[in-house]
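Just the heavy atoms: all of them, side chains too, but no hydrogens, waters or symmetry mates, feed the values below. Chain letters run A, B, ... following the sequence lines, proteins first and then strands; every chain starts at 1.
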Amino acid sequence: MGQAQGHLRIENKDMKVLEELKDRVMLTTVGRAFQWARASSLWPMTFGLACCAIEMMAMVASRYDIDRFGAGVFRATPRQSDLMIVSGTVTHKMASRIKRLYDQMPEPRYVIAMGSCAINGGPFNPHAYSVLKGIDLYIPVDVYLPGCPPRPEALLYALKQLQEKIKAKGGDSPSPRAAAK
Amino acid sequence: MEIAQVHERLRSELGDGVLELKSLFDPVIEVAPEAIARVAVFLKEAPELRLDTLMCLSGVDYGKSFAVAYHLFSLQHRHKVALKVMLTKEEPTLPTVEGVWKSANWFEREAYDLYGIIFSGHSDLRRILLPDDWEGHPMRKDWQYPASYRGVPL
């Protein structure tokens, strides 16, 4: 049960639980359980664009293993993934394709902008005419991860932050329909 | 074969289209724009030349004029030749060499995309590096940085 308990378990002092069941019975809400499930099994989409993709691959490999956080199943199709790690330089030509892939992801969906190119164009800001100055000009971003490229441990930290964001109150992705309500 | 000999051979074979041998950093044969197609065919077919590989085709902007530079290599005879075609800014057009060397297809698309040099007779002359609805040719010396593209600030 480990650390999941801290988020899931609701302490209800009034409930009388038998001593021997205290270790095996836990009280929680459906919302918390859903959020815990979403955070613990984020399936990323294979979306390596440039050099940051190499660090993402390093993170997926055995030394920094992302699979122990439940996120090791990289899906090739956006229809089955709920996390897009934008790793690498985004050109204007590619930006329209990224928008299309983001639209094809079912909700709840999350985006990590990995590396300085995805945050604001990176070393190509301001002079490169073909580089999009930050992916958040096209799609909403949940976690910004600076670095050029960020170390694999930094990407794991970003994933942890995203998990905390999901488990916190109102951790759903900023979808347009939710914002319109 | 040295480039001076290649120049002599070209001169004797094709006459007026072949202009002078310029010795810049490396010696370059200057060719008139309308003659480049015949020169290309001859350079590839001639048995002692056999320049069958187009290593690179580049556009150049000299500020007042354009140019296209060809770098050729022969895998059989292991010699290299460089050609240059000078163009005017008002009419940057010249025939394509795509029929001679297939790699010229993408090279010429790149020269068109970045400089606006038109290759007449090209089978598929469209942008290759920039998005299809981009306006302007960025490698020109007089190109201005636009404020935005499709509403997104540049």
Has the side chain of [X] got a donor or acceptor atom that lies under 3.5 Å from a matching backbone atom of [Y]?
X       : Y        : result
B:Asp52 : B:Leu75  : yes
A:Tyr64 : A:Pro152 : no
A:Ser40 : A:Ala37  : no
B:Lys84 : B:Val28  : no
B:Glu98 : B:Ser123 : yes

Residues of [range] near chain B, each having a heavy atom less than 4.5 Å away:
range                       : answer
residues 119-134 of chain A : A:Pro126, A:His127, A:Ala128, A:Tyr129, A:Ser130, A:Leu132, A:Lys133
residues 47-57 of chain A   : none
residues 75-93 of chain A   : A:His92, A:Lys93

In the structure I gave you, are the side-chain heavy atoms of [X] and [Y] within less than 4.5 Å of one another anywhere?
X        : Y        : result
B:Lys89  : B:Asp61  : yes
B:Arg126 : B:Arg109 : yes
B:Ser65  : B:Thr88  : no
B:Phe42  : B:Leu49  : yes
B:Phe119 : B:Val97  : no
B:Lys80  : B:Phe73  : yes

Open item on the list: Counting neighbours of CE on B:Met139 that are heavy atoms of other residues, nucleotides or ligands and sit closer than 6.0 Å, is the number greater than 12?
Closed with: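 Incorrect, the count does not exceed 12.
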
Task: Heavy atoms from other residues, nucleotides or ligands near CZ of A:Arg68 exceed 12 (cutoff 6.0 Å) - done: yes

TODO: Under the side chain to side chain contact (heavy atoms under 4.5 Å, CB included) rule, what do B:Ile118 and B:Tyr112 come out as? Steps first, then yes or no, please.
DONE: CA-CA 6 Å; B:Ile118 314 272; B:Tyr112 166 69; 4.0 Å; yes

Open item on the list: Sort by residue number and list every residue of residues 143-150 of chain B having at least one heavy atom under 4.5 Å from chain A.
Closed with: B:Trp143, B:Tyr145, B:Tyr149, B:Arg150

TODO: Assign the ring pair B:His79 / B:His77 to parallel, tilted or perpendicular, where the plane angle (0 to 90°) is split at 30° and 60°.
DONE: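 Parallel: the ring planes of B:His79 and B:His77 meet at under 30°.
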
Open item on the list: Could you go through A:Asp136 and A:Val111, starting from their C-alpha distance and side-chain angles, then the distance that decides it, and tell me whether this counts as side chain to side chain contact (heavy atoms under 4.5 Å, CB included)?
Closed with: CA-CA 10 Å; A:Asp136 56 357; A:Val111 174; over 6 Å; no

